[in-house]
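The next block holds one structure in the form of structure tokens; read it before the comments.
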Amino acid sequence: MVRYVISRLLQALLILFIVSILAFALLRLVPGDPARIILGAQRATPHAVANLNHELGLDRPVVEQYGEFISGAVSLDFGQSLRYRQPVSDLIGPRLVPSLLLVAYSCLIVMVMVVPLGIISAVRRNRPADHLVRLSGAITNAMPPFLTGLILILIFSVGLGIFPVEGYGEGFWGHIRSLTLPSLTLALVLYAFLLRTLRSGLIETLSQDFIEAARARGLADRRVLFKHALSNSILPTVTVLGVFLGLLLSWTFIVEVVFSIPGIGSLLVSSVAGRDYPVIQALILLIAVVVVFSNLAADLIYRLVDPRIRL
Amino acid sequence: MAMTQRRNDRGAVSISALRWLACVIALLVVGSASGCNSGDSDSTTEKGPPVKGGALDIATPLEPVSLDPQAGQTDAGSQHAQDLIFDRLVEVRPGSTDIVPGLADSWELSADRRSMTFDLRNAEFSDGTPVTSRDVKFSLDRAQDPKLDVNFATALQDQWSSISTPDAQTVVFHFDGPSPAILSWLSFMPCSIISKAAFDKAGGDQKFARAPVDAGTGPFELVKWVRGQRVELKRNRSYWRKDFPYVNAVKLLYIPDDNTRMLKVRSGEVDIADDVPYSQIDSVDSVDGVAVKTTKVAAQYGPWLSSSGQLKDLAVRQALNYATPKKTIVDVALAGRGEIANSFIPPMKYWDPDIPPYPDDIEKAKELMAGSSVPDGFDLDLYIQSGDAVSRQTAQILQDAWGKIGVNLKVQALEQGTFYEHINSGDFSVVLAPPTAASSDIPSEDEFAVNLVQPAFEGIFSHHDPKLSELVKQIEGTWDEDERKSLFSEYQRRQLENPIGIPIATASARTAVRDNVAGFDYVLMNWFYLDETSIH
């Protein structure tokens with residue numbers, strides 16, 4: 001196990017190194033000169049652009065710029081934002097918690113939805129309840145997150161006044177209240193995938209001999225379902241959740257903009273428009289770290305839940 | 001529909017799916033009904049005399065980049081917040097281009113016209129310390145520092161050569177030559193007066209940009225700036241305009257999504273929502289308790305033409321102007337909010353309303369094309385910014401209209417950064433920016449007139465009339481207001497005759513204001529004016 005963890009960590013470092021190079025290189029291939037964007041058309045004379053590029057360090061050799069970036073990244077120093085003229089870490093730090101809270105809350109909501117509905121759907125297979133649950137998955141899968149979010153705002157904020165229209169709120173419970181609709185929006189992105197996974201797993205498990213054996217021993221259906229079937233079926237769902245975490249992160253960009261959440265997603269959107277290279281590079285690396293380590297965590301949880309699994 | 005509960009043969013309890021469906025439908029119906037508003041909104045409620053107190057919440061799509069007015073940010077988000085915290089020596093009021101006293105209560109041009117003396121009023125910063133000439137010089141020296149104010153330092157360096165401060169209440173600007181636009185430039189945001197003591201206390205440019213505490217003389221002072229969320233301001237009790245502002249606090253809430261922002265004002269969670277999309281003006285205005293206020297601002301809307309290929313031909317450029325159905329574009333894309341433009345420069349102090357715009361005349365356009373270098377027509381690329389609905393609608397109208405004179409327009413929607421890169425580098429044939437993208441920073445035509453003949457622009461619009469550069473030299477070379485007005489009129493006419501684009505309409509600021517709010521307004525440069533705003 002220890003050897004496995006070390007091996008995965010080394011792989012993670014390699015992946016992050018490759019991602020850093022790709023992010024750095026691809027950014028500079030995209031049209032858009034940060035100095036010209038900052039100066040604007042009427043002030044972007046060749047002389048002014050050259051001066052600003054020099055001041056921002058953008059006229060140095062690309063290899064030198066990359067070296068500075070990667071060496072700084074090791075100590076979490078990502079340089080200065082070109083747009084805000086402030087340390088990138090000062091910009092990103094306060095925005096990490098809202099994004100992480102949003103993702104965590106959405107994972108909680110989706111599991112709370114998927115487990116009971118997945119059970120109902122599997123147990124009542126091919127009956128109206130099953131059809132209805134699967135229909136709900138199809139509908140939510142077809143709707144883009146920004147539309148889902150707006151509908152939720154219309155119903156629960158404007159209509160019922162239960163949740164605020166947007167924002168992050170103040171204090172822990174203020175954050176939870178404000179993040180409920182955005183987290184529900186994100187949860188609905190994953191809902192169909194996880195529901196299908198759990199339903200299939202449960203149906204397959206419930207048809208296994210050991211389930212019949214358990215019933216034959218006189219165990220109550222509830223015990224057979226939750227202790228034997230569910231515990232054996234939940235693993236693939238957890239794995240899918242871990243794999244989809246990367247997808248979830250990409251959808252947070254849209255949800256953060258729709259709900260005005262001050263997270264890394266909305267920062268990335270505005271930084272891309274302004275070609276704020278240091279911020280974009282730092283965020284891409286950060287997201288890569290989250291995806292890589294969440295996949296590792298999913299595998300390790302798998303092992304912990306089922307000790308028979310050899311990694 | 002009966003609710004059923006049954007136990008299956010395995011002892012599990014299930015609830016009828018129909019019950020769930022019924023609950024969901026009921027929820028949706030109730031929610032929609034309570035969220036639905038119908039009927040006309042009363043936008044002319046009698047509110048009585050201004051009520052003092054209360055807190056104003058304004059939803060804006062623009063987040064500040066910096067609260068330091070001399071940091072050279074051109075974004076409206078920064079300027080909205082800075083304008084509420086800081087003042088300038090001179091100012092403008094809503095609906096006017098007239099320069100009025102700000103922190104200076106009088107000024108005088110010397111007889112030799114080599115200096116201008118400003119007498120400061122007895123004003124205080126928000127911490128009660130007096131505004132002195134030392135603060136003025138400190139602030140304006142920063143504004144002319146190209147390392148700090150990367151965008152405007154050069155333009156401001158052209159306005160005065162030095163500043164002297166003979167005493168604490170007097171500031172003297174010295175000129176190498178005529179500087180007839182100096183008052184307009186001094187009303188501009190980078191010329192805001194900041195407290196030197198507060199700046200020193202803040203500990204440097206970066207920290208000051210994040211938290212300019214006790215540094216301004218404006219109607220409000222900074223309480224907190226929560227990046228990515230809001231700017232919180234409170235009434236400045238030392239504000240030199242006694243009895244103003246009326247409200248005790250203002251929050252500028254950053255809500256970038258148009259739909260979310262409109263829902264926020266509809267639900268009553270904010271008092272004002274800025275930048276109502278043109279396509280939603282009528283629907284938002286029809287909501288009970290909300291009215292959409294449209295205010296003319298110094299921004300001109302219309303495509304710009306490059307100097308490439310067939311567009312070098314004057315006949316082609318004029319033909320495109322005649323072929324453009326401006327009224328249709330205003331009615332459809334701008335929801336009827338916009339006045340047909342007769343100038344490339346937003347109409348301000350020296351605007352000549354008597355110069356006729358290009359009429360919509362397809363026959364004249366065809367005639368010009370027939371006599372041009374491309375009588376059989378040609379293909380043309382139009383770049384618009386992706387996600388901007390107004391540009392998209394306008395592009396469709398232009399495609400149809402220009403198609404009638406043989407110009408086959410291909411529309412490409414580009415991501416924002418790529419879009420502006422094409423503009424800034426001159427790599428385009430025709431480009432159409434969103435309505436308020438090209439706005440004036442000062443209340444006179446000088447900035448636009450000067451910029452449009454700058455070398456950076458000459459590379460883009462090299463077909464422009466060389467006479468315009470001569471006119472600009474004359475405009476900026478005289479203090480005589482009548483002469484300037486006449487020269488500007490000639491500039492406007494010549495630029496229209498030898499067009500570098502197609503001026504369609506003057507843009508408007510569009511704001512959804514709840515009925516309990518009175519006195520909300522804008523100044524021409526698209527900044528909020530909240531001195532006389534009250535909540536009833």
Side-chain angles (χ1 to χ4, degrees), chain A residues 30-33 36-46 48 51-52 55 83-86 91 94-95 120 123-124 128-129 131-133 146 149-150 153-161 164-168 220-222 225 257-263 266-267 269-270 272-275, chain B residues 10-12 14-18 20-21 27-28 30-36 63 65-66 71 74 146-147 150-152 154-155 205-206 209-210 226-230 253-257 259-261 263-264 266-267 269 415-418 420-425 451-452 454-457 460:
Chain A
V30 170
D33 182 323
R36 265 210 277 261
I37 288 173
I38 291 169
L39 288 168
Q42 59 255 44
R43 285 169 283 275
T45 62
N51 276 349
L52 188 54
E55 193 186 321
R83 193 158 173 247
Y84 294 96
R85 306 295 185 103
Q86 294 185 342
L91 287 174
R95 290 181 179 251
I120 289 172
V123 166
R124 312 304 295 170
H131 293 311
L132 197 64
V133 172
F146 73 88
L150 288 173
I153 291 172
L154 210 53
I155 297 173
F156 293 104
S157 302
V158 180
L160 297 173
V165 170
E166 56 75 52
Y168 185 49
D221 278 345
R222 197 186 298 268
L225 180 63
V257 170
V258 172
F259 287 94
S260 303
I261 296 167
S266 52
L267 178 62
V269 168
S270 60
V272 167
R275 301 295 188 268
Chain B
R10 290 185 176 157
S14 68
I15 297 175
S16 164
L18 288 174
W20 287 106
L21 182 60
L27 200 61
L28 284 170
V30 168
S32 303
S34 59
C36 190
E63 183 192 11
V65 175
S66 168
T74 58
K147 283 200 166 24
V150 295
N151 283 308
F152 297 105
T154 310
D205 292 329
Q206 287 188 9
R210 278 197 292 258
V226 183
R227 258 203 205 284
Q229 293 187 64
R230 63 189 181 277
L253 301 164
Y254 171 52
I255 304 178
D257 187 81
N259 295 312
T260 309
R261 204 164 58 253
L263 289 172
K264 193 85 171 163
R266 283 179 61 170
S267 70
E269 286 186 26
E415 173 270 332
Q416 184 180 336
T418 309
Y420 282 105
E421 172 64 13
H422 279 281
I423 293 180
N424 294 343
S425 61
N451 285 340
L452 287 175
Q454 289 299 312
F457 266 21
I460 301 171

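Chain naming here is simple, since letters A, B, ... match the order of the sequence lines and numbering starts at 1 in each.
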What residue, out of [options], has the most heavy-atom pairs lying under 4.5 Å from chain A?
options: Glu63(B), Arg210(B), Gln416(B), His422(B); value: Arg210(B)
options: Val226(B), Thr154(B), Thr418(B), Asn259(B); value: Thr418(B)
options: Pro256(B), Ala155(B), Pro146(B); value: Pro256(B)

Quiz item: Can you find a pair of side-chain heavy atoms, one from Val165(A) and one from Ile255(B), that are under 4.5 Å apart?
Solution: no
Quiz prompt | Within-4.5 Å side-chain heavy-atom neighbours: Asp205(B) and Gln86(A) | solution = no
Between [X] and [Y], is there a donor-acceptor pair closer than 3.5 Å when you use the side chain of the first and the backbone of the second?
X: Gln229(B); Y: Gly167(A); result: no
X: Thr260(B); Y: Phe259(A); result: no
X: Glu166(A); Y: Arg261(B); result: no

Exercise. Sort Arg230(B) into side chain, backbone, both or neither according to what part of it lies under 4.5 angstrom from a heavy atom of chain A.
Key: side chain
Quiz item: Which region of Glu415(B), side chain (C-beta onward) or backbone (N, CA, C, O), has a non-hydrogen atom less than 4.5 Å from a non-hydrogen atom of chain A, or is it both or neither?
Solution: side chain
Quiz prompt | Value rounded to 0.5 Å, distance of CG in Leu154(A) from OG in Ser267(B) | solution = 10.5 Å
Practice problem: Could you tell me whether the side chains of Arg83(A) and Ser66(B) share a donor-acceptor contact shorter than 3.5 Å? | Solution: no
Quiz item: So what's closer than 4.5 Å to chain B heavy atoms on Val272(A): side chain, backbone, both or neither?
Solution: both
Quiz item: Considering only heavy atoms, which portion of Leu267(A) lies under 4.5 Å from any heavy atom of chain B: side chain, backbone, both, or neither?
Solution: neither
Quiz item: What closest approach, in Å, do Leu150(A) and Leu263(B) show between heavy atoms, and which atom pair accounts for it?
Solution: CD2-CD1, 4.1 Å
